[in-house]
Amino acid sequence: MTSAVRVRFAPSPTGFLHIGGARTALYNWAFARHHGGTLVLRIEDTDPERSTAENTDAILRAMRWLGLDWDEGPEIGGAYGPYFQTQRFDRYSALLEQLKTSGHAYPCFCSPETLEEKRNAARTRGGFAGYDRTCRTLAPAEVAGRVAAGESHVWRLKVPQDRGDITFIDAVRGEVVFPPDAVDDFVLARTDGSPTYNFAVVADDVDMAISHVIRGDDHLSNTPKQIVVYEALELPIPIFAHLSMILGADGKRLSKRHGATSVEAYRDLGYLPEVLMNYLALLGWSLDGETTILSAKTLCENFSLDRISKNPAIFDEEKLAWMNGVYLRDMPAEEFVRRMMPSLEDAGLITAEEAAEDGRAKWLLKLAPLLQERTKQLPEVVGMVRFLFQAPSIDPTAQEKVLEKDGAGVALDAAVDTLTLVEPFEHTAIEAALREVPGRIGAKPKDVFQAVRVSVAGGTVSLPLFESLELLGKDTTLARLAAARQMATD
RNA sequence: GGCCCGUUCGUCUAGCGGUUAGGACACCGCCCUCUCAAGGCGGAGAUCACGGGUUCGAAUCCCGUACGGGCUACCA
């Protein structure tokens, strides 16, 4: 029998949920779901300087938006709480007491300044730059005296001198070996009694019965330290899996320089949550090397740690945009209308109330498929549909190249004549009528269509012409053709 | 400086001793076509970072080197 899978995502609320964190959360989630396990969300807010409640909220919001749910944690509760580190200080003290009584922790009175000096000296000399263990060998009587006298001190872990190499099997990188001096007698509890990261993480992972620690690569070097704490506590060590970094287009660590780095920024850019999930799933993991479009369900069914790649990956926004287009094209028109409405509202083209009217709803439904084929990011629709709501200003280049071309006026006159007769004003009938025009006036089809397009949409690029005219309606179409006729050359 | 990790088309990746090194994005061309897209077809693009081994045979295993990254705090 295998023990229950319990994993955790442990963000520190010092900022929004960024792309890298989201992927870590996603992999933990997928792993938990695959095994029918539990995903714990734990907030590592022990840094009072940088942690805020707003950031916590933003992180939860971003996770929910992405489609990630957790089984224990903020807003949910659970049997292993509390899930904020700042609420768990009594647990850290209890564990620290345990280490003190078992002789695995000792007080250190060295001042930060001396430590700094020693560290610098050691580093310029080359080699081991960890704590030199000065206070480890203090006489018990002296220690007791100084503590009693109220001298400030931290508590350090007494790492066994004969520990030897620290080896563990990382689920993605395989066997990783650290030499003994990779771990010094590091600080467990600060002068003020608060726990340091490497101690708090272990305490929490122990208390929350975490079975697999799936986290960023930047923690790989912290792992041996944590292992030593597990050993001091005489507790089983979880399985570790370290994910490599996500980089910007220049191969550097993703940062503000690269534009959007937070999940919510991508939401605001018009990306669908399922697309971001799909893209992130494949940025460092693969199903079979062939599949590029996959659902959350497929992800969860197939996710495994051994298919996570070891090397860092560059975040390719172009591929993300392509993928967004794929999803946008494949969704039902109703859904597309729903998703694009905020963009249209923001642009002041149509209100939600108007869109809900029966006639408008049907009209939008007809419009949707035309947009779905050419949209990668939702806000792009605004530029494509504006001419349907407002009279266009004719693009000067288009005017010169199309309307001022010889025969444009004749073509527009002919178009007006035939369109006036089209009833009902529906795109197949419009197309049939317009296709007769070139032959009748001795012009090329392309010239006629482009003249109409520029007149009606303002430029040489637009949604498909015949459908556009139908959407516009006969009156508006004829009015725009008449207006453009003024600028056209016979 | 020390320790650890990584290195397959521009990018994401498949590959886990024997393949014409496969797919996707991007790029180029053709087709379709009322423009733009979408779609279809095709193309270019990787001496698998480099150098040594091991092996009949290495992108795959081992050792070095180079480059990139991480850790080296009373940050997380």
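Chain naming here is simple, since letters A, B, ... match the order of the sequence lines and numbering starts at 1 in each.
- For the pair R253(A) and G70(B), the criterion of a side-chain N or O lying under 4.0 Å from OP1 or OP2 is met.
- Within the 4.0 angstrom heavy-atom criterion, no nucleotide atom of any strand lies near H242(A).
- Contact annotation for V452(A): no contact, since no heavy-atom pair falls under 4.0 Å across all strands.
- Residue G459(A) is classed as having no contact, given no heavy-atom separation below 4.0 Å to the nucleic acid.
- Rounded to whole angstrom, the span from the CG atom of N324(A) across to the C1' atom of A38(B) amounts to 15 Å.
- The same atom, P, is picked in G15(B) and in U7(B); the two are 13 Å apart, to the nearest Å.
- Counting only N and O atoms by type, the side chains of Q450(A) and R453(A) include a donor and acceptor under 3.5 Å apart.
- Checking C36(B), C74(B), A24(B) against every side-chain atom of W322(A), the shortest atom distance belongs to A24(B).
- In this model, the phosphate group of C12(B) is not approached by any side-chain N or O of S286(A) to a distance below 4.0 Å at OP1 or OP2.
- N222(A) comes within 4.0 angstrom of a base, heavy atoms only.
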Checklist entry - Can you check ring-ring contact (aromatic ring centres under 6.0 Å, His included) on F303(A) and Y27(A), steps first, answer last? => result CA-CA 8 Å; F303(A) 189 80; Y27(A) 286 12; 5.2 Å; yes

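- Whole-Å rounding puts the Y197(A) OH to C71(B) P distance at 11 Å.
- Look at C25(B): its Watson-Crick or wobble partner, with both distances under 3.5 angstrom, is G10(B).
- Remark: E380(A) does not engage K376(A) in a salt bridge, criterion side-chain N to carboxylate O under 4.0 Å.
- Distances shorter than 4.0 Å separate none of the side-chain N or O atoms of S462(A) from OP1 or OP2 on C36(B).
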Validation: residues 367-375 of chain A side-chain donor-acceptor distances under 3.5 Å, sequence neighbours left out:
{"from": "Q372(A)", "atom 1": "NE2", "to": "L328(A)", "atom 2": "O", "distance (Å)": "2.8"}
{"from": "Q372(A)", "atom 1": "NE2", "to": "M331(A)", "atom 2": "O", "distance (Å)": "2.7"}
{"from": "R374(A)", "atom 1": "NE", "to": "L370(A)", "atom 2": "O", "distance (Å)": "2.7"}
{"from": "R374(A)", "atom 1": "NH2", "to": "L370(A)", "atom 2": "O", "distance (Å)": "3.4"}
{"from": "T375(A)", "atom 1": "OG1", "to": "L371(A)", "atom 2": "O", "distance (Å)": "2.6"}

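- No N or O donor and acceptor, one from the side chain of T196(A) and one from the base of C74(B), sit under 3.5 Å apart.
- Here the rule is ring-ring contact (aromatic ring centres under 6.0 Å, His included) with Y279(A), and of Y271(A), Y266(A), Y327(A), F315(A) only F315(A) fits it.
- The side chain of R374(A) sits closest to C36(B) out of C34(B), C36(B), C4(B).
- When the P atom of A73(B) is taken as reference, atom NZ of K225(A) falls 7 Å away, rounded to whole Å.
- Using a 4.0 Å heavy-atom criterion, one finds that T223(A) contacts no nucleic acid atom at all.
- Separating the CG atom of L280(A) from the P atom of A24(B) is a distance of 22 Å, rounded to the nearest angstrom.
- Pair assignment for C16(B): none, as no Watson-Crick or G-U wobble contacts are both less than 3.5 Å.
- Side-chain N/O atoms of Y197(A) and D47(A) include no donor and acceptor closer than 3.5 Å.
- Residue R173(A) places no side-chain N or O under 4.0 Å from the OP1 or OP2 atom of C4(B).
- Residue T291(A) is classed as having no contact, given no heavy-atom separation below 4.0 Å to the nucleic acid.
- Here the separation of G45(B) from G22(B), taken at their P atoms, is 12 Å to the nearest Å.
- S221(A) contributes a side-chain N or O that forms a donor-acceptor pair with the base of G70(B) under 3.5 Å.
- When heavy atoms are screened at a 4.0 angstrom cut-off, V154(A) is found touching base atoms of the nucleic acid.
- In this pair, F240(A) and H242(A) present their aromatic rings parallel. The plane angle is below 30°, not in the 30 to 60° band.
- Between the side chain of K319(A) and the base of A26(B), no donor-acceptor pair of N or O atoms lies under 3.5 Å.
- Between D205(A) and R42(A) there is a salt bridge, since at least one side-chain N of the basic residue sits less than 4.0 Å from a carboxylate O of the acidic one.
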Next on the checklist: Protein within reach of the bases, or only the backbone? For nucleotides 59-68 of chain B, mark each nucleotide 5' to 3' as B, S or -, using heavy atoms under 4.0 Å.
Outcome noted: ----------

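- Summarising the geometry, the separation between CE on M323(A) and P on U13(B) is reported as 12 Å, rounded to the nearest angstrom.
- Within 6.0 Å of the CD atom in E335(A), the count of heavy atoms belonging to other residues, nucleotides or ligands exceeds 12.
- We find that CZ of R119(A) is positioned 18 Å from P of G1(B), with the value rounded to whole Å.
- At the heavy-atom level, S12(A) lies under 4.0 Å from the strands shown only through sugar-phosphate atoms.
- The pairing partner recorded for G68(B) is C5(B), the criterion being a Watson-Crick or G-U wobble arrangement whose two distances lie under 3.5 angstrom.
- Nearer to the 5' terminus of RNA chain B, by closest-nucleotide assignment, is the contact made by T375(A) (compared with the other of E44(A) and T375(A)).
- To the nearest whole angstrom, the two C1' atoms, one in G39(B) and one in G68(B), are 40 Å apart.
- Using C1' as the reference atom, C63(B) and U54(B) are 11 Å apart when rounded to the nearest Å.
- The distance from atom CG of L243(A) to atom P of G70(B) is 16 Å, rounded to the nearest whole Å.
- Atom name P, nucleotides C25(B) and C61(B): the rounded distance is 30 Å, in whole Å.
- Among the heavy atoms of the strands, none lies under 4.0 Å from F315(A).
- R329(A) comes within 4.0 angstrom of the backbone, heavy atoms only, and of no base.
- For the C1' atom pair drawn from A24(B) and A46(B), the interatomic distance equals 15 Å after rounding to whole Å.
- In summary, K158(A) and E231(A) do not engage in a salt bridge, as defined by a charged side-chain N under 4.0 Å from a carboxylate O.
- Around the NZ atom of K405(A), the shell of radius 6.0 Å holds no more than 12 heavy atoms that belong to other residues, nucleotides or ligands.
- Straight-line distance between the C1' atoms of U20(B) and U47(B): roughly 15 Å, to the nearest whole Å.
- The shortest distance between the side-chain N/O atoms of R307(A) and the OP1/OP2 oxygens of G15(B) is below 4.0 Å.
- For I246(A) and G70(B), the CD1 to P distance is 14 Å, given to the nearest whole Å.
- Contact annotation: N311(A) side-chain N/O to G69(B) OP1/OP2 distance is not under 4.0 Å.
- In this structure, U35(B) forms no base pair with any nucleotide, since neither Watson-Crick nor G-U wobble geometry is met with both distances under 3.5 Å.
- At the heavy-atom level, L220(A) lies under 4.0 Å from the strands shown only through sugar-phosphate atoms.
- In this structure, E317(A) does not pair ionically with K319(A), as no charged nitrogen and carboxylate oxygen lie closer than 4.0 Å.
- As judged by a 4.0 angstrom heavy-atom cut-off over every strand, D170(A) is placed among residues making no nucleic acid contact.
- Checked against C5(B), C34(B), A24(B), the side chain of T292(A) finds its nearest nucleotide in A24(B).
- Comparing A10(A) and P464(A) by the nucleotide of RNA chain B that holds the closest heavy atom to each, the one mapping nearer the 5' end is P464(A).
- Of the candidates C74(B), U11(B), U13(B), the closest approach to any side-chain atom of I314(A) belongs to U11(B).
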